[in-house]
Structures are given as structure tokens and as C-alpha cells.
Amino acid sequence: MEKTIALDPGNPFDLDATLGCGQAFRWEKQNGVWRGVAGGRAIAIRQDGNLLSFTGADEAFVRRYFALDIDLRAILSSVDRDPRIHEAIGRCPGLRILRQEPFETLISYICATNTNIPAIKRRIAIMAERYGRRLGGGASAFPDAPSLAPCSEDDLRGCVLGYRAPYACAAAAMCARDAGWAERIAALPYAEAKRALLGFPGVGPKAADCILLFAFEKYEAFPVDVHIRRMMHRHYLPALPDGKPMTGREYDLIAGFAREHFGRYAGWAQEYLFCVRDGG
DNA sequence: GTCCAGGACGTGG
DNA sequence: CCACGTCATGGA
């Protein structure tokens with residue numbers, strides 16, 4: 001029933017940091033156990049030191065979803081290029097970028113614009129509950145594109161998407177009509193994959209980078225949200241004027257600097273910086 | 001009540 | 001290209 005994985009001490013992993021940092025929206029921790037839905041599976045998982053114990057999925061799925069195959073130390077040593085990122089790495093040991101599903105990630109980050117994480121979680125939970133496959137135990141899978149596409153804008157407004165409802169609606173219809181969209185994007189290099197994602201309504205530069213980072217393993221992607229922008233201004237690019245709205249030009253300048261400074265795993269550096277967004 | 005949140009889009013300069 | 005207004009919603 002309960003399966004376990006003995007983690008390799010030389011390849012660190014931290015469940016709390018990984019599920020609590022805001023990259024995935026369907027996990028909650030209760031009594032030391034994380035419960036959530038991923039890949040159409042209702043999973044319960046906990047970590048005790050080097051031991052990972054879980055139900056609801058097989059070992060191969062857990063290893064893949066939590067990216068346990070990735071050599072984290074190699075990535076971190078490659079991005080560890082200044083005191084700021086060094087401190088962030090020290091504060092979130094074992095944080096990993098998950099491998100999430102493209103369609104769920106696309107819709108989730110359309111729902112994530114100009115709002116906060118609790119509200120995003122609520123929207124996704126309601127969509128899953130109303131339009132996703134029942135998994136038992138009160139859990140539901142995130143709906144696939146054919147299940148979500150028939151929804152009207154009002155249906156999705158009913159899931160508290162607000163003005164994002166027509167975007168999610170149209171994006172779901174596009175995916176349902178074109179089942180190969182994700183495989184095609186996965187095969188493209190970063191810049192072209194980003195251009196393709198920008199073709200979805202409600203997906204701008206920031207959402208596109210999140211989707212590429214969390215669902216397509218495009219680790220050059222460096223999403224610049226308000227927190228990251230503030231931190232980059234304070235600690236890396238103090239010469240930038242702190243004017244209110246961010247132009248597309250400034251976005252590309254910050255992300256471009258990050259790729260130059262952190263290298264091709266800049267997206268991992270971004271997650272560590274985002275994880276410590278409040279302090280320092 | 002005001003401000004802010006893992007922003008994007010349309011319109012007008 | 002850029003600036004500006006607008007778009008729902010909930011928590012602090």
C-alpha cells in the first residue's frame with residue numbers, strides 16, 4: 001500500500017520547499033502529510049529525512065514528477081554566482097522544480113495573473129471539482145482540454161476566474177482542437193516555444209515563462225513577477241528606474257541579465273529567489 | 001475604505 | 001515602440 005523511496009543523500013530533496021514555494025497549486029499539508037493531485041493521481045506523501053513515503057502513485061511517477069533524477073547539486077553550483085543567490089540556496093535546500101502537466105499549467109498560470117496564490121488555488125480547486133474526473137476521497141483531477149473546452153465564459157466566471165474567464169475558455173478550446181500542441185512546443189527551443197505560448201489568450205511574457213519552466217523543462221525561462229522584479233532592482237540592477245508598470249523592454253532586460261548572470265539554469269535560480277521573496 | 005497580488009490586453013499617442 | 005486605463009477577486 002504505502003510505498004517508499006530512499007533518497008540519495010548526495011542528491012538533496014526537500015518536500016516542503018518544493019511543494020510550498022508556489023509553483024504548484026494543488027497541494028496542502030496537514031499533520032505533516034502533503035495531499036494533492038498530480039497527473040490524475042490523488043497522492044499523499046511525506047518526508048522523514050532521506051525517506052519518502054507515499055500512496056496514490058507508483059515510484060516511477062513520483063521520481064519523475066518531483067524530478068528526483070536531476071542532479072541538483074550540479075545545477076545549484078552552476079547558478080551559485082553571487083552572495084544573494086548563495087544565501088537563497090542555503091535557505092531552501094532541496095527545492096526542486098516539478099514536472100507538471102502542460103494543459104493544467106497553461107490554465108493555472110492564465111488564472112494566476114494579477115492575483116495572489118490562495119485565490120489561484122481556489123480557482124483551480126473549483127475547476128477540478130466541477131469539470132475534472134473524480135478520483136475518490138473527495139479529490140478530482142484537473143480537467144483535460146476536452147473536458148474544459150465546452151465550458152462557457154460564465155461557467156468559468158463561476159469558478160471565480162473573473163476577467164480571466166474568456167482567456168481560459170479560449171485557451172482550452174484551442175488545446176482541445178489541437179491535441180498535439182504540447183508535444184510541438186516541447187520540441188522547440190526556448191525562444192520559439194515562448195513565442196508559441198504567447199499565442200494563447202491571457203498568456204503574456206511572465207505566464208509563458210512560468211509554463212515553460214514548470215511544464216516544459218525550459219530551464220532558461222526566468223519569470224519576472226512583481227517580487228522578482230523588486231529583488232532584481234534591489235540587488236542586481238539598481239540602475240533601473242523603479243517606475244510602476246513594467247514594460248516588455250524591461251522584462252526582457254531583467255530576464256536577459258538573469259540568463260547571462262546565472263547561466264542556462266537561470267529558471268532554477270529564479271525559484272530559489274522567489275522562495276525567499278519576503279526577507280532580505 | 002485602500003492597497004496589493006506570480007499581469008495581460010486594447011487603445012491612443 | 002511606450003503610456004495609460006481596465007479587467008474581478010480576496011486578503012491584509
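In what follows, chains are A, B, ... by sequence order, proteins preceding strands, each numbered from 1.
- The CD1 atom of A/Ile85 sits 4.0 Å away from the CG atom of A/Leu273 when rounded to the nearest 0.5 Å.
- Rounding to whole angstrom units, CZ of residue A/Arg123 and P of C/dT9 are separated by 9 Å.
- Annotation: side chain of A/Lys121 is in contact with side chain of A/Glu28 (closest heavy-atom distance under 4.5 Å).
- Annotation: cation-pi geometry not satisfied between A/Arg26 and A/Phe142 (NZ/CZ under 6.0 angstrom from ring centroid, within 45° of ring axis).
- Between A/Glu87 atom CD and A/Asp82 atom CG the span is 10.5 Å, to the nearest 0.5 Å.
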Please enumerate all protein N or O atoms sitting under 3.5 Å from an N or O of nucleotides 5-9 of chain B, with distances to 0.1 Å.
{"from": "B/dA5", "atom 1": "OP1", "to": "A/Arg230", "atom 2": "NH1", "distance (Å)": "3.4"}
{"from": "B/dA5", "atom 1": "OP1", "to": "A/Arg230", "atom 2": "NH2", "distance (Å)": "3.1"}
{"from": "B/dA5", "atom 1": "O3'", "to": "A/Thr115", "atom 2": "O", "distance (Å)": "3.0"}
{"from": "B/dA5", "atom 1": "N7", "to": "A/Asn114", "atom 2": "OD1", "distance (Å)": "3.4"}
{"from": "B/dG6", "atom 1": "OP1", "to": "A/Ile117", "atom 2": "N", "distance (Å)": "3.0"}
{"from": "B/dG6", "atom 1": "OP2", "to": "A/His227", "atom 2": "NE2", "distance (Å)": "2.5"}
{"from": "B/dG6", "atom 1": "O4'", "to": "A/Asp225", "atom 2": "OD2", "distance (Å)": "3.3"}
{"from": "B/dG6", "atom 1": "N9", "to": "A/Lys206", "atom 2": "NZ", "distance (Å)": "3.4"}
{"from": "B/dG6", "atom 1": "N7", "to": "A/Gly22", "atom 2": "O", "distance (Å)": "3.1"}
{"from": "B/dG6", "atom 1": "O6", "to": "A/Gly22", "atom 2": "O", "distance (Å)": "3.3"}
{"from": "B/dG6", "atom 1": "N1", "to": "A/Glu271", "atom 2": "OE2", "distance (Å)": "3.4"}
{"from": "B/dG6", "atom 1": "N2", "to": "A/Gln270", "atom 2": "NE2", "distance (Å)": "2.1"}
{"from": "B/dG6", "atom 1": "N3", "to": "A/Asp225", "atom 2": "OD2", "distance (Å)": "2.7"}
{"from": "B/dG7", "atom 1": "OP2", "to": "A/Asn114", "atom 2": "N", "distance (Å)": "3.4"}
{"from": "B/dG7", "atom 1": "O5'", "to": "A/Asn114", "atom 2": "N", "distance (Å)": "3.1"}
{"from": "B/dG7", "atom 1": "O4'", "to": "A/Asn114", "atom 2": "N", "distance (Å)": "3.3"}
{"from": "B/dG7", "atom 1": "N1", "to": "A/Asn114", "atom 2": "ND2", "distance (Å)": "3.4"}
{"from": "B/dG7", "atom 1": "N2", "to": "A/Tyr163", "atom 2": "OH", "distance (Å)": "2.6"}
{"from": "B/dA8", "atom 1": "OP1", "to": "A/Gly204", "atom 2": "N", "distance (Å)": "3.0"}
{"from": "B/dA8", "atom 1": "OP1", "to": "A/Gly204", "atom 2": "O", "distance (Å)": "3.3"}
{"from": "B/dA8", "atom 1": "OP1", "to": "A/Lys206", "atom 2": "N", "distance (Å)": "3.3"}
{"from": "B/dA8", "atom 1": "OP1", "to": "A/Ala207", "atom 2": "N", "distance (Å)": "2.8"}
{"from": "B/dC9", "atom 1": "OP1", "to": "A/Gly202", "atom 2": "N", "distance (Å)": "2.8"}

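- Remark: A/Arg249 is in phosphate contact with C/dC2, judged by side-chain N or O atoms under 4.0 Å from OP1 or OP2.
- Between the P atoms of C/dG11 and B/dA8, the separation comes to 23 Å (whole Å).
- Between A/Ile5 atom CD1 and A/Asn50 atom CG the span is 12.0 Å, to the nearest 0.5 Å.
- Using cut-offs of 30° and 60° on the angle between ring planes, the pair A/Tyr265 and A/Tyr219 is tilted.
- Considering CZ of A/Phe66 and CZ of A/Phe61, their distance stands at 8.0 Å, rounded to 0.5 Å.
- In this structure, A/Arg164 reaches the bases: a heavy-atom distance under 4.0 Å links it to at least one base atom across the strands shown.
- Between the side chain of A/Arg130 and the backbone N or O of A/Gly158 there is at least one donor-acceptor pair closer than 3.5 Å.
- Under the Watson-Crick or G-U wobble criterion, with both distances below 3.5 Å, B/dT11 is paired with C/dA3.
- Remark: the separation of the P atoms in C/dA8 and B/dT11 is 15 Å, to the nearest Å.
- One C1' atom belongs to B/dG6, the other to C/dA3, and the distance between them is 23 Å to the nearest Å.
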Check the pair A/Asp71 / A/Arg73 against salt bridge (charged side-chain N to carboxylate O under 4.0 Å, His left out), numbers first and verdict last.
CA-CA 6 Å; A/Asp71 184 350; A/Arg73 310 201 103 134; over 6 Å; no
Show me the protein contacts with nucleotides 4-6 of chain C, counting only N or O atoms at under 3.5 Å.
none

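- Atom CD1 of A/Ile126 is separated from atom P of C/dT9 by 11 Å (rounded to the nearest Å).
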